[in-house]
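Structure first, commentary second.
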Amino acid sequence: MISSYKTLNRVLVAGTAIAIALLYLFPLFARTTNNPSYYLQIVSVALCSAILTISLNICMGYGGLMSLMHTGLQMMGGYAVAILTLNHHWNGWLALVMAIVVGAVFAVLVILLSLRATYLYFGMITLAVNLIAMEAIRQGGSFTGGYNGLIGVMAPGITTTMMTPQAFYVFLLTILIGVYVIQRNLVFSGFGRNTMALRESPETATALGISPNVHRVKIFAVSGALAGLAGGLLSMQLGYAMSEIGDLGSGLIFFVGLFLGGISTLAGPIIGVAVVATIAFLIRGTAQYNTLVLGGLLLLCMVVLPRGVVGMYRYSRFGSPHVREFDQAEIDSFQLDISVKDVVKNQILLESHDLAKHFGGIHAVDGVSIVFRSGEVHGIIGPNGSGKSTLISCLTGYYPLTAGSVEILGNPAPKKPFLISRLGVTRVFQIPHLFERESVLDNVLTGMYRRDRYSIFDAIFRTPRYRKANARSTEEARALLALAGLLNQQDLTAGSISHGQKRLLEVVRAVATQPKILILDEPATGLRQDELDVLKGLISRLAKEGMSVVLIEHNVDFLMNLADIVTVIESGKVIAEGTPMEVQKNEKVLDAYLGRTDFSKELA
Amino acid sequence: MDLQIWVEGLYIGSVYALIALSMTVVYQPTRIMNFAQGEGFVLGAAIGYQTIGVWHWPVWQAGAALILLAMAMGYVMERMVMLPVQLSGNRFAWIIATLAAALIFQSLFNLPYANVTFGYFEFFKTRANIFGAHIAMQKILVFTFMVFAAVFYDQLLKRTLWGRSIRAVAHNNDTSIILGIPTKLVIKVAFISGTVLIACAGFLAAPVIIVAPASGLFFTIQGFTAAIIGGVGSPKGAVAGGLMIGILDSVVRSSLGGTWGVFSTVMALALILVVRPNGFFGKRVVGR
Amino acid sequence: MSNLELKNLTITYGGAKALNGLSIEVKEGEFVALLGANGAGKTTSLRAISGLLKPTTGSIRFGGEDITKLSGYKRVALGIGHVPEGRQIFPDHTVDENLQLGSFIKRKSYKEVSQTLEEMFGLFPKLRERRKQMAGTLSGGEAQMLAIARSLMSRPRILMLDEPSLGLAPQMVLEMFRYLKKLHAEQGLTILLVEQQARLALQLASRAYILERGQVKIAGLAEDLIIDKRVAEAYLGTSH
Amino acid sequence: MIRRKIIITALTISAMIASTVSATAVDRPGLVPHSVWKSGQAVIKVGLIAPMTGVFATLGVNQRNSLQVLADSINAAGGIGGAKIQIVVRDGGLDPVASTNAAKEFAGDSSIAFVMGPSISSFYAGAAAYYEANKKLNCQAGVAALDFTDYKYGFRSQDFFKDDYAQELSILQRKGVKKFGMIYEAGSTGIAADAFFKDSAPDYGLTYLGWQVITSTQTTHDAELQKLINLGAQAVDISNNAYGAYTTQAAADLNFKGILFGGSGSQNIAFQETGGDHFVGTLMAAPNYQFPIRDKSTWMPGYKAHIDAVVKQYGVTTGPKSGSTSPNGTAIEADCLYAFAVASNKARSFDSTKVRDQMASLDIPAINTPSGVRIHPGTNHNFYSADGISVYQWFKDANGWYTVQVNGLAVLNAKCTIVGWLMHRSNGAPLICTKVGTNLYYKAQSA
């Protein structure tokens, strides 16, 4: 199985290399056909489309932001080039750079205006913006050439005034490969992981210290920049800029390509565009039936290949990643320092005073004062609905307080969850909030967000700074995985590992944020005994290293063995606090948990 | 300001409101904004053209054919959209599925009718002259139908069991199932009734608005704008949004000139969403 | 007749086996409690019975029929009523509308529906006072009453309740369980109760299953289990 | 019988316009170009790029129909130099990229001898560079705005909008109109027309009241027309687009007694459908549109033969309200192929440069061409001269709609665009476009 996987992998790598080589040689091949310039043209245009589709993939696939304005961005990139070279006689290369700038700036403006809008509404804003941009171009008079557009755009030259179509083709192909690499670097970087984290679960991402808005702006800016580039290149290939380029109807190919190839996959946009361009080429003779055939094929593809070509492959036996076997020596060789810095033993890290949270008339949390100390495992128990999770949400800034106060490291707690997270308070949710489509290793790396000290440019171009930081993070993440016995699974997608492993992974990811306080909401639910043992060992180790571990748990057996102190909550109030033994014998606690024994009369 | 301008805005606004309303019908249980919805409008116009215009059928007979064919289209559309959406699992799959459906229907209309704009006799030939404004009775009919349809749908949602179950499915699919509500059937019914509604709108409006075989997407976008401004999923919002962009377009156009009309509606859409991210009557939309 | 029988049911849910060969049985007219710690598989069992989850192996029989493959909404007509966890009332519908949705399968017999509605108002008089109010404005106890009444509107032969006491004040919990007892005693309704407050449930039910990791750990008569130490252990752990 | 009638009619007409008839005596009216040479090819491919789908599908479909009818009849008579014409169609939609791709395909495909399309001015401007670079002979029936003098291999078989308007303005002047305005949708045509009116209205003694911009989102033009009426308009230019029909509706609403006038787009039956009785009296400029003229004997024989064949094969579109009909084929499109056949026959070759030279020097009399207009490209590569434009006026009686031809009265010293263009005057010798200082004016030929 594994060997067949490796063979296939080699075949794929070799196939890709051959495909790239063939693509570079395509102009020579085209020359042997009866219509060289035409074949060069359609492949060149497809290359531009692939760049735009990658941009769309970054935005919709990885960023989860629905954009109906990418055709508009493409149009604007084209006009940037056309206006600068034709009206202002700029150098073509500089004009291309400006196309990138125009795309990025426009995208940033749009998203800054619409940060509050979510999902569908954001999509509608982009649609509106697209219409506005097209209308503005049409009304632009001689500046934009109005309805007629600007004709006569030329490819830039190196030694001559203008590249030959063959040279420009090679240039386009190189750019596409570059854009693919940028996409890959972005996706595999901390920035990319965080973006996907945000898409999959804004809540968890926030808990890991990621600021949603800053990320959305950045991802949209990158996407806009690439769309501007694609538009600039297209205008050079076609020789003109026209408002119709911005029409959503003409942009169908991008959406179709994205879904056919596989959204949220790296190669999906390129393969998808290749498929669509081929289909368009093959059915070009159907004339009046053109859109009918296209629409029909599209629906058919969605039914047969609902995840797209690459997506289906990824989900297949061959395409999904496999367990990597590490031997014990390798596992032992990892060096890991997880001691909590700047903290003394038994220091008060977080405390609340008379904290209350009311939802309408319901007093979910009703005057709770609680103290978490370093090096301590603090259990919180209570029947369902007693207010434990609400309490945690209050402590970590997810709910505004009705009354009372929270102090972290002696200072009043900030209001935003991601700011609290950045002070060293990391929360693991009750329901698994893993980024299921990302690998186990990537999930842990996402947790290292706060440590990443490189910019988005470092990530895109893989600067030494990025490489160094990334190597260090990866090493550390592996060490953490080794600690939880998950090293062999590092390449698997988080969605494919067992339930118990997922819970462990979540804890590991939280530890990766280097918290001072780690809050675990029912981590033991559904774990097998051996997994429980690993979890127990991990938690003890963390406490020993000086961390304050807060444990909300129903598996009291598990908790009682581990906790230094247990707080019992019922109906939003603390009803008991003490060592596990004390609490277990407390009658009030038994009543709260099991109900009273003397109901029979009252029930009658 | 000239009364004519307001009347025109009201009329065109009621066309958009009807489209937005039918989108709401589909959106309620599915959370899908159907890019193919406008094709139902074209279907209504095409049936009116063929039956009343060419074959000279009486209106009731044409209406019967209309409802039957619209039901069939709604059923087919449900399959075309929901099947890929359910299989895909990607939250953006609906965009492609509904666009593909729109493309297919548009091509089908274009094959026999490429040269045609679906105009035919107005049901009432007279024109009302109200304070100097000339209004085709047909336009008043469309407006009346819109009011009727909006009230009917609002009441249907509120007062009938099926309407309530549509709202229930929208709120919680699982809970609806354990109450015995056939949720998949509800979705089919929504597609079918939404298509019948919009086809009726096209049927009534075609004599007084130019509908061409490929106009579907244009009307869809207008309906979208109306629905979004009003707040997706709310019948009240659909009506308010439709009338608003209709009147805005008409008034701005007459005072600032042609292109500013379209510009103003799109600007209004963008501005409203920036200020009120969920539209006027909308609730927070949770992504599927 | 309304014999509910789960045989060797396995359900995998997000990678974990939520049910692992679960077999339980509820006879007509019985009041059975399904107990166990969080994550033991109680809610999953109920969702499987009402068809919201598809088992990977095993079978579900109800009233002598194999319903393993039957669509969820059709099971309601067979007489399975399910009051889901967290009540799941429709907050934007009035109390009346919520109840009418409960009688969806009886929609054709108007008379029967209005008769049942009256019955429900007789049973839960507070709901009558609030019948025109939006369900979202009800208090926790009222909402739970509504959820139960809504499920009863389909005149089920078996009523399954998922943690009905959750988030209710102790007084309300008592009141609600009084209603359940009355329903069972007076109308002979078969009840399958999932409950956190084990002792309370054991005082109501005649028989109980204690689940652990998707399997039955202990089964027995309620009166025996109520004094069984193992029950407390299942919740609070072994005493040290 | 019919055939004899055609010939007799043709003879009469050719006698009438004998001065314009030139050397193509072998080609008889209403018949396919006579081909006596052997190309040695079995098939000759010609390309058509047009919107076959989407909003403008009607444009492409009618072009394709017209070409197919002519190709069928030429093929039935043996083809061109023995080669059968095969039409290769590409859908350009409203997508400039698709149109450009198709243009490049045809430009680079040596088996395609001749290309028509893409049919939108800006799209053609984008594609023309490829045609020129590949010496691909092409002919455009849907590109109104560009100047074809610049193109070595591009020809136009369409009325130039300025010629339409020059004729119509002269008629307005004759009818005593003093003030007129325009109601037109936003777009390149509207912008160009607006500029032309601003510039030229004084030459016809007219005051231009400006442009009321309309959009596709409105269903009445009452407000726009009212504004022009308030300014004292006696005539209004209406849009070529079907949406322009709302202006005729507005004329009905406001009881406007002035003259409506428009370009060849008014062939669209949507105008009669929407405007009803108030479309009566509307002027329409077109390069011969005799279809609504009832006395078929007055139709140009070539035109009649072509249109009859179009109607036979593809039918007509009938307005259910007005009963007005239009043929499902664009005659001027067939002129492209017709001229190509004639030019190839003359060149006895499909070599694009040879055919181009022949095409530029063609002078096919109006009685022969499928459009019924004289094809006389000359150096500016425009098939039709200003005098090829006719102005029609719409009327209606118990039997339905029909048109009557109105003669334009060209005015001395009117502005023109291309040196050498002729303008026909009913009361005198044709005027010729002449450069005076920096501007161009129509002058008497002797001047």
Side-chain angles (χ1 to χ4, degrees), chain B residues 24-25 27-31 78 82-83 86-87 89 153-190 193 230-238 278-286, chain C residues 43 46-53 70-110 113 132 134-136 146-147 149-156 158-162:
Chain B
T24 304
V25 175
Y27 179 82
Q28 275 275 0
T30 60
R31 306 280 145 185
E78 193 269 345
M82 292 313 287
L83 198 63
Q86 281 156 2
L87 283 170
Y153 181 57
D154 193 49
Q155 294 300 305
L156 177 107
L157 278 185
K158 283 187 183 146
R159 299 210 190 273
T160 73
L161 195 60
W162 276 99
R164 286 170 191 154
S165 52
I166 289 176
R167 281 158 64 208
V169 173
H171 185 77
N172 191 324
N173 197 55
D174 277 0
T175 306
S176 306
I177 290 174
I178 60 174
L179 295 178
I181 299 170
T183 51
K184 285 182 180 163
L185 183 65
V186 167
I187 288 173
K188 281 198 177 72
V189 169
S193 51
V232 191
S234 148
K236 275 193 211 103
N278 299 312
F280 276 121
F281 292 92
K283 299 197 184 99
R284 220 181 117 75
V285 178
V286 184
Chain C
T43 298
L46 295 201
R47 287 174 67 82
I49 296 167
S50 54
L52 296 176
L53 292 175
L70 197 68
S71 295
Y73 74 92
K74 288 184 182 157
R75 300 188 192 190
V76 182
L78 290 181
I80 295 179
H82 182 174
V83 183
E85 190 180 6
R87 306 186 268 279
Q88 307 298 345
I89 52 167
F90 300 116
D92 297 341
H93 290 65
T94 64
V95 169
D96 254 359
E97 289 170 357
N98 265 282
L99 290 173
Q100 275 165 13
L101 281 170
S103 63
F104 189 88
I105 57 161
K106 306 272 182 199
R107 60 190 175 278
K108 284 183 185 123
S109 44
Y110 179 76
V113 170
K132 297 289 172 220
M134 285 294 161
L146 175 60
R150 185 181 62 180
S151 197
L152 290 174
M153 286 298 290
S154 66
R155 293 208 167 272
I158 180 168
L159 186 66
M160 310 190 294
L161 299 106
D162 198 347

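Numbered from 1 within each chain, the chains take letters A, B, ... in sequence-line order.
Most heavy-atom pairs under 4.5 Å with chain C: of the set Lys158(B), Arg159(B), Lys184(B), His171(B), this distinction falls to His171(B). For the set Gln100(C), Lys74(C), Arg75(C), the entry with the most heavy-atom pairs within less than 4.5 Å of chain B is Gln100(C). Counting heavy-atom pairs closer than 4.5 Å to chain C, the top-ranked of the candidates Ile181(B), Asn172(B), Thr183(B) is Ile181(B).
Exactly one residue among His82(C), Gln88(C), Arg47(C) makes a side-chain contact (heavy atoms from CB on, under 4.5 Å) with Asp174(B). That residue is Arg47(C).
Atom NZ of Lys188(B) is surrounded by more than 12 heavy atoms from other residues, nucleotides or ligands within 6.0 Å.
The two residues Leu179(B) and Ile105(C) come nearest to each other via the heavy atoms O-CG2, 4.5 Å. Shown here for Leu52(C) and Ile178(B), the closest heavy-atom pair between the two residues is CD1-CG2, 3.6 Å. Between Phe104(C) and Gly180(B), the shortest heavy-atom contact is CD2-O, 3.5 Å.
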Using the side chain to side chain contact (heavy atoms under 4.5 Å, CB included) rule, take Val186(B) and Tyr73(C) through it: C-alpha gap first, then chi angles, then the decisive distance, then the call.
CA-CA 12 Å; Val186(B) 167; Tyr73(C) 74 92; over 6 Å; no

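Put simply, the side chain of Thr175(B) reaches to within 4.5 Å of the side chain of Arg150(C), judged on heavy atoms.
With hydrogens and angles ignored, the 3.5 Å screen pairs no side-chain donor or acceptor of Arg164(B) with any backbone N or O of His93(C).
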